[in-house]
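Report on the structure given below.
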Number of protein chains: 2
Amino acid sequence: MRSYGQYCSIARALDVVGDRWTLLIVRELLIQGPCRFTDLKNGLPGIAANLLSTRLRELEQAELIERHEAPPPIATTLYRLTEAGHALEPALKAVGLWGMRYMSTVDRQDTFLPQWLAYAPAWFTVDADPEAPPVVVQLDVGDAHAVMEISGGRVETHVGRADSPDLVLNGPANAVLGLLMGVIDLDVATQIGLTATGSRDVLSRLRPIAESAAHAS
Amino acid sequence: MRSYGQYCSIARALDVVGDRWTLLIVRELLIQGPCRFTDLKNGLPGIAANLLSTRLRELEQAELIERHEAPPPIATTLYRLTEAGHALEPALKAVGLWGMRYMSTVDRQDTFLPQWLAYAPAWFTVDADPEAPPVVVQLDVGDAHAVMEISGGRVETHVGRADSPDLVLNGPANAVLGLLMGVIDLDVATQIGLTATGSRDVLSRLRPIAESAAHAS
DNA sequence: CCGGATCCCCAGGGATACTG
DNA sequence: CAGTATCCCTGGGGATCCGG
C-alpha cells in the first residue's frame with residue numbers, strides 16, 4: 001500500500017495493515033494460532049494464492065509475523081504472530097465490535113467457518129455471573145460446531161461438540177450469533193430459525209460486550 | 001470495496017470502512033466536526049478530489065455521514081458523522097494506539113497538520129493527577145500550534161496559542177508528540193530537538209494511555 | 001473560491017494455471 | 001503442500017476542466 005505520508009498514528013497503522021486482506025490474515029492467526037499457508041488460505045475464502053503470498057511477505061517484513069520451520073512431524077513452515085502482531089488484538093476487537101451492527105442479517109453467499117463460530121463469543125461476550133456454577137453451551141450452525149464454556153467470569157470456546165451441554169443453540173449463523181452478540185433478541189432469533197434445546201435461562205449468563213467497554217483481552 | 005463475503009463482524013466492518021482513505025475521512029470528521037468538501041481535502045493531503053467525492057458518496061450510502069445544507073452565512077454543504085459514524089471512535093482510537101509504535105520517527109516527506117497536534121494528546125493521554133490544579137501546555141511544531149489544558153482528570157486540546165502556558169514544548173513532531181505519547185523519553189526528545197520552556201514537572205501530570213486500556217471516550 | 005466531474009495512466013487485486 | 005507465474009481488470013492517483 002502506498003503510504004499516506006502523514007505523521008499520525010492512525011495513518012501510520014493503516015500504512016502497515018490497511019491493505020486488503022491484511023487484517024483478516026491477522027484475525028486468523030489470532031484465533032487459530034500458528035498456521036500453515038493452506039490453513040490461512042482455507043480460513044480466508046476468496047483470497048488468491050499469490051495475494052496471500054504477497055501479504056505474508058509484507059507482514060514478515062513489517063515484523064508482525066514470523067516464519068517458523070516446524071520440525072517433523074509437521075515438517076512445514078508455520079506463520080505465527082510476533083509481539084507486535086499480537087498487539088493488534090485490541091484494535092481488531094474494537095473494529096469487530098463496531099461491525100457487530102451489520103451482523104443481524106446473513107447473505108446466502110456469505111461464507112461461514114467453524115472457527116468464527118468459536119471466536120465471536122470468546123471475544124465479544126462475558127460471563128455475567130462469575131459466581132454461578134459453570135455452564136456449557138453447544139452451538140450448531142450447519143456443519144459448524146463450537147462449544148462455549150461459561151465459568152468464573154470468562155467465556156472460553158473451542159471448535160467441536162460437547163458431551164452434555166446445558167443448552168444447544170441451532171440455526172442459521174445470524175440467529176445463533178446475532179442472539180449471543182445481542183444484536184437481535186430471542187423472539188427474533190426464533191423467528192429466523194433458532195432452536196434452543198435445554199435450559200434457556202443460561203442465556204442470561206451471557207452479556208455481550210458493549211462498545212464502550214471495548215478493551216484488551 | 002469488494003465484499004469479503006464472510007459472516008464475521010470484522011470482515012463486515014472492513015466491507016464498509018476498509019477502503020483506502022475511508023477511515024481517515026472519519027478521523028477528520030471526528031476531530032474537526034462537520035466539514036466542507038475543501039476542509040476534508042485539506043485535512044487529507046494527497047487524496048484526489050474525485051476519490052474524496054466517491055468516498056463521501058459511499059459513506060453517505062452506508063449512513064456513516066450525512067450531508068447538511070448549511071444556511072447562510074455558511075451557505076454550503078457540510079458533511080457530518082451520523083451516530084453510526086461517530087461509533088467508529090473507539091475503533092479508530094484502538095488502531096491509533098497500535099500505530100503509536102511507529103511514531104518515534106518522522107520522515108521529511110510526512111505531512112503534519114495542526115489539528116493532529118491537538119487530537120493526539122486529547123485521545124491518547126490522560127491527566128495522571130485529577131486532584132492537582134489545572135495546567136496549560138503550549139505545543140509548537142513548526143507552524144502548527146496547539147494548547148493542552150490538563151485539569152480534573154481530563155486532557156482537552158484545541159488548535160492555537162495560549163496566553164500564559166505553564167510549559168511550552170517546541171520541536172519536531174516526533175519529539176513533541178513522541179514524548180507526550182510515551183514512545184520516547186525526555187532525554188531522547190531533547191536530543192532530537194525538543195526544547196521545553198517552563199515548569200517541566202507538569203509532564204508528570206500526563207499519562208499516555210496504555211494499549212490495554214484502549215476504550216471509548 | 002467551492003464542489004465536484006472527466007479523463008488518462010498505472011499499480012494493485014482476482015482468477016487460473018502451473019511447478020518444485 | 002506451498003507457493004510462483006501469468007493474464008486481466010478494477011480501482012486509485014494526478015491533472016484538468018466546469019458550473020455555481
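Excluded from the calculations below are hydrogen atoms, water molecules and symmetry mates; all remaining heavy atoms, backbone and side chain alike, are included. Chain letters run A, B, ... following the sequence lines, proteins first and then strands; every chain starts at 1.
DNA chain D is contacted by both A:Tyr79 and A:Tyr4; A:Tyr79 maps to the nucleotide lying nearer its 5′ end (nearest heavy atom per residue).
What separates CG of A:Leu52 from P of C:dA15 is a distance of 14 Å, to the nearest Å. Here C:dG4 presents its C1' atom at 13 Å from CD of B:Glu69, a figure rounded to the nearest Å. Residue B:Arg20 contributes atom CZ, which lies 14 Å from atom C1' of C:dG13 at whole-angstrom precision. The distance from atom CD1 of A:Ile47 to atom P of C:dG14 is 8 Å, rounded to the nearest whole Å. To the nearest angstrom, C1' of C:dG13 lies 17 Å from CZ of A:Arg2. When rounded to the nearest whole Å, the span between CG of A:Leu51 and P of C:dA15 equals 10 Å. Put simply, CG on A:Leu24 is 13 Å from P on C:dG13, counting in whole angstrom units. Rounding to whole angstrom units, CZ of residue B:Arg55 and C1' of C:dG3 are separated by 18 Å.
B:Glu63 CD: 12 or fewer foreign heavy atoms inside a 6.0 Å radius. Counting heavy atoms of neighbouring residues, nucleotides and ligands inside a 6.0 Å radius, atom NE2 of B:His86 does not exceed 12 of them.
For the side chain to side chain contact (heavy atoms under 4.5 Å, CB included) with A:Leu139, the qualifying choice from A:Val147, A:Leu167, A:Leu180 is A:Leu180, the only one to do so. Put simply, the residue from B:Ile25, B:Asp19, B:Val16 that forms a side chain to side chain contact (heavy atoms under 4.5 Å, CB included) with B:Glu58 is B:Asp19.
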Criterion side chain to side chain contact (heavy atoms under 4.5 Å, CB included) on B:Trp21 and B:Leu51, from CA distance to verdict: CA-CA 9 Å; B:Trp21 292 108; B:Leu51 197 46; 3.6 Å; yes
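In this structure, a donor-acceptor pair under 3.5 Å is absent between the side chains of A:Glu89 and B:Trp98.
Of all nucleotides in DNA chain D having an atom under 4.0 Å from a heavy atom of chain B, the first and last in 5' to 3' order are D:dG12 to D:dG14.
With rounding to the nearest 0.5 Å, the separation of CZ in A:Arg55 from CD in A:Glu60 is 15.0 Å.
Between C:dC2 and B:Thr76, no contact under 4.0 Å exists linking OP1 or OP2 to a side-chain N or O. OP1 or OP2 of C:dG4 sits under 4.0 Å from a side-chain N or O of B:Arg67.
Comparing C:dC2, C:dG14, C:dC7 by their nearest atom to the side chain of B:Asn50 picks out C:dC7. Comparing C:dC7, C:dG3, C:dG14 by their closest approach to the side chain of A:Ala48 singles out C:dG14.
Among the protein residues, A:Thr77 comes within range of the sugar-phosphate backbone only, with heavy atoms under 4.0 Å from sugar or phosphate atoms but none that close to a base.
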